[in-house]
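Keep in mind that what you see is a predicted model, and the values were worked out from it rather than measured.
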Amino acid sequence: MMKTHPLKGPNRLKLGVFSANADGGLAITDVPERWTAGWQDNLTAAQIADRAGLEFFLPIARWRGFGGKNRVREWSFETFTWAAALSAATDRIGLFMTVHVPLVHPLYAAKSLATVDHISQGRAGLNIVCGWNPKEFGMFGVPLVEKGYDQAAEWLEIVERLYASDEPLDYAGTYYNLKEAVSRPASLQAPRPVTMNAAFGGPGRDFAAGHCDYLFTTFTEIAEAGKHVADIGERAERNGRQVGAYTVCHVVCRETQAEAEDYYTRYAVTMADHAAVDQHMAGKKEFSQSHDRDAYDRYRQRFAGGAGSYPLIGTPRRIADEMIAIAEQGYAGIALSFVNYTQELPYFCDRVLPLLKKAGLRVE
């Protein structure tokens with residue numbers, strides 16, 4: 001029996017776990033408890049999130065790391081097989097796959113995505129990215145695509161048409177040419193599983209506005225975060241669509257504010273893997289459009305702490321208040337990262353989720 005996808009559920013503020021499939025998660029640190037992304041730990045974290053009622057488990061797609069002492073994020077699980085395995089081991093959480101469009105053919109993606117949707121009984125989701133790291137693309141012998149989101153539009157159109165057509169598909173486009181292509185079974189969700197795109201720049205946001213259900217974006221301060229929601233809303237409206245805005249945060253939740261701030265300094269300043277932070281920031285600044293330009297100068301600790309995402313650092317009450325403020329800026333959901341998911345996620349769920357429920361942002 002097909003289940004309602006959790007991102008279409010009743011909670012006003014959807015919550016998920018981000019980047020647990022990769023070494024370090026989003027943190028670039030050398031603390032001994034750093035996340036090593038073993039399979040059993042991934043499985044445990046997914047089941048903790050599932051039992052707590054979180055809506056989604058979202059991986060990054062990473063083929064090459066950022067060096068440093070720990071060769072940060074070089075170890076990561078491929079996301080289609082990762083999601084398939086977790087789908088069979090969970091009951092209600094949404095399982096996403098993150099795919100680099102230029103590196104994965106849409107016919108292969110359609111088959112794999114539908115497989116996960118059937119295993120999960122309709123809980124699959126697709127995070128569509130075009131990539132920014134030339135070293136990763138060089139591993140495949142593929143250049144970065146100048147108009148990646150034009151390719152992504154063709155790619156997604158092919159997936160949807162494969163699912164919808166009872167006849168073999170011929171497709172002649174700028175980037176793809178298919179002859180008598182078929183892909184069965186189609187996904188349980190129609191016209192395809194829920195889709196998201198992580199984009200900060202205009203081309204990515206235009207793609208999300210025209211083709212995706214949700215957009216992930218970043219901000220530097222909560223007070224000005226609403227401008228990004230308004231921007232994607234306007235772009236979606238021009239396409240006659242609605243697109244939900246999500247963001248990413250890294251979390252240190254502790255009993256006292258001082259304890260949380262001390263730990264944040266310890267892992268993201270004192271014991272940051274500085275060589276890897278430098279490489280990550282330089283690459284993102286040159287090739288990616290995922291952050292405000294001044295963020296690279298103002299917020300180095302945030303890149304060590306959580307890939308430049310907004311920090312939620314403090315007591316359960318402090319973190320809940322900031323999440324409420326993010327929701328008031330118009331965000332429909334937040335993807336969360338931790339230094340160690342299995343150690344920290346239970347405390348967060350036990351202490352923060354009831355406060356969000358009391359605030360009316362979650363009903364279960």
Side-chain angles (χ1 to χ4, degrees), residues 3-22 25-27 35 37 41-61 76-77 79 82-83 86-87 89-99 116-117 120 122-129 189 193-198 208 212-218 243-251 253 306-307 309-312 319-320 322-324 326-327 331-342 344-350 352-353 356-357 361-364:
K3 301 179 180 180
T4 300
H5 196 281
L7 264 62
K8 298 180 180 179
N11 290 326
R12 281 180 53 200
L13 184 66
K14 309 297 194 297
L15 298 176
V17 174
F18 186 36
S19 194
N21 69 308
L26 289 186
W35 186 246
D41 285 337
N42 267 262
L43 178 61
T44 299
Q47 291 174 333
I48 291 169
D50 189 40
R51 289 192 299 269
L54 301 192
E55 279 82 5
F56 62 97
F57 214 62
L58 174 64
I60 61 170
S76 67
F77 288 119
T79 67
W82 175 88
L86 293 177
S87 294
T90 53
D91 295 319
R92 54 181 180 167
I93 196 168
L95 280 308
F96 274 79
M97 290 136 277
T98 299
V99 58
V116 177
D117 208 35
S120 65
R123 292 183 287 130
L126 183 66
N127 179 27
I128 303 169
V129 298
Q189 299 173 70
V194 297
T195 56
M196 62 174 61
N197 169 242
C212 295
D213 301 307
Y214 308 99
L215 171 81
F216 270 85
T217 192
T218 59
V243 175
Y246 280 55
T247 194
V248 180
C249 297
H250 54 285
V251 180
C253 187
S309 60
Y310 187 81
L312 296 173
I319 288 174
E322 290 206 301
M323 295 176 81
I324 292 166
I326 291 170
Y331 287 85
I334 306 173
L336 307 168
S337 72
F338 301 82
V339 173
N340 187 297
Y341 298 88
T342 56
E344 298 177 71
L345 190 56
Y347 182 77
F348 172 88
C349 292
D350 289 345
V352 177
L353 295 187
L356 298 178
K357 184 177 179 180
L361 293 179
R362 298 182 65 82
V363 297
E364 55 182 33

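In this structure, CZ in R12 is found 5.0 Å from CG in L361, a value given to the nearest 0.5 Å. Atoms CD1 and CG, from I93 and L15 in turn, are 10.0 Å apart once rounded to the nearest 0.5 Å. I48 CD1 to D350 CG: the interatomic distance, rounded to the nearest 0.5 Å, is 10.0 Å. If you take OG1 on T195 and CG on L126, they are separated by 7.0 Å, rounding to the nearest 0.5 Å. Rounding to the nearest 0.5 Å places CG of L7 at 3.5 Å from OH of Y246. H5 contributes atom NE2, which lies 8.0 Å from atom CG of L95 (distance to the nearest 0.5 angstrom).
Qualifying salt bridge (charged side-chain N to carboxylate O under 4.0 Å, His left out) partners for R92, counting only residues two or more places apart in sequence or in other chains: none. Looking at residues two or more places apart in sequence or on another chain, you find a side-chain contact (heavy atoms from CB on, under 4.5 Å) between A245 and V229, I232, Y331.
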Stepwise, does the side chain to side chain contact (heavy atoms under 4.5 Å, CB included) test hold for I326 with C249?
CA-CA 10 Å; I326 291 170; C249 297; 4.0 Å; yes
Which is it for I334 and V248 under the side chain to side chain contact (heavy atoms under 4.5 Å, CB included) test, yes or no, and what are the steps along the way?
CA-CA 5 Å; I334 306 173; V248 180; over 6 Å; no
Passes side chain to side chain contact (heavy atoms under 4.5 Å, CB included), V352 versus Y347? Steps please.
CA-CA 8 Å; V352 177; Y347 182 77; over 6 Å; no
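You'll find the side chain of N340 stays beyond 4.5 Å of the side chain of D41, heavy atoms only. Here the side chains of L336 and L312 are in contact, with some heavy-atom distance below 4.5 Å. Between P59 and F77 there is no side-chain heavy-atom pair separated by less than 4.5 Å. Inter-residue side-chain proximity for M323 and L356 is flagged as met; some heavy-atom pair is nearer than 4.5 Å. With contacts defined as side-chain heavy-atom distances shorter than 4.5 Å, the pair Y341/T44 does not qualify. Considering only heavy atoms from C-beta on, N42 comes within 4.5 Å of W82 through its side chain. Taking 4.5 Å as the limit, every side-chain heavy atom of T90 sits out of range of all side-chain heavy atoms of F57. Using a 4.5 Å heavy-atom threshold, the side chains of I319 and E322 count as separate.
Of the candidates K8, R123, R362, R362 is the only one forming a side chain to side chain donor-acceptor pair (under 3.5 Å) with E55.
Scanning both residues, I60 and A22, for their nearest heavy atoms gives CD1-CB, 3.5 Å. Among all heavy-atom pairs drawn from N197 and C212, the shortest one is CB-SG, 3.8 Å. In terms of heavy atoms, P193 sits closest to D213 at O-OD2, 4.4 Å. The minimum heavy-atom distance between V194 and A124, with the atom names listed, is CG2-O, 3.9 Å. Between F216 and A335, the closest heavy-atom pair is CE2-CB, 3.6 Å. Looking at every heavy atom in both residues, V243 comes nearest to A208 through CG2-O, 3.6 Å.
Side-chain atoms of N127 never come within 3.5 Å of backbone atoms of M97 as a donor-acceptor pair (strictly under, hydrogens ignored). The main-chain N or O of P6 is never found under 3.5 Å from a side-chain atom of K14 such that the two would form a donor-acceptor pair. Side-chain N or O atoms of N21 include none that pairs as donor or acceptor with a backbone N or O of S76 at under 3.5 Å. Remark: side-chain polar atoms of T79 are paired, donor with acceptor, to backbone N or O of T98 under 3.5 angstrom. Here the side chain of Q189 pairs no donor or acceptor atom with the backbone of D117 at under 3.5 angstrom.
Judged by distance alone, the side chains of H250 and S309 do bring a donor and an acceptor atom under 3.5 Å apart.
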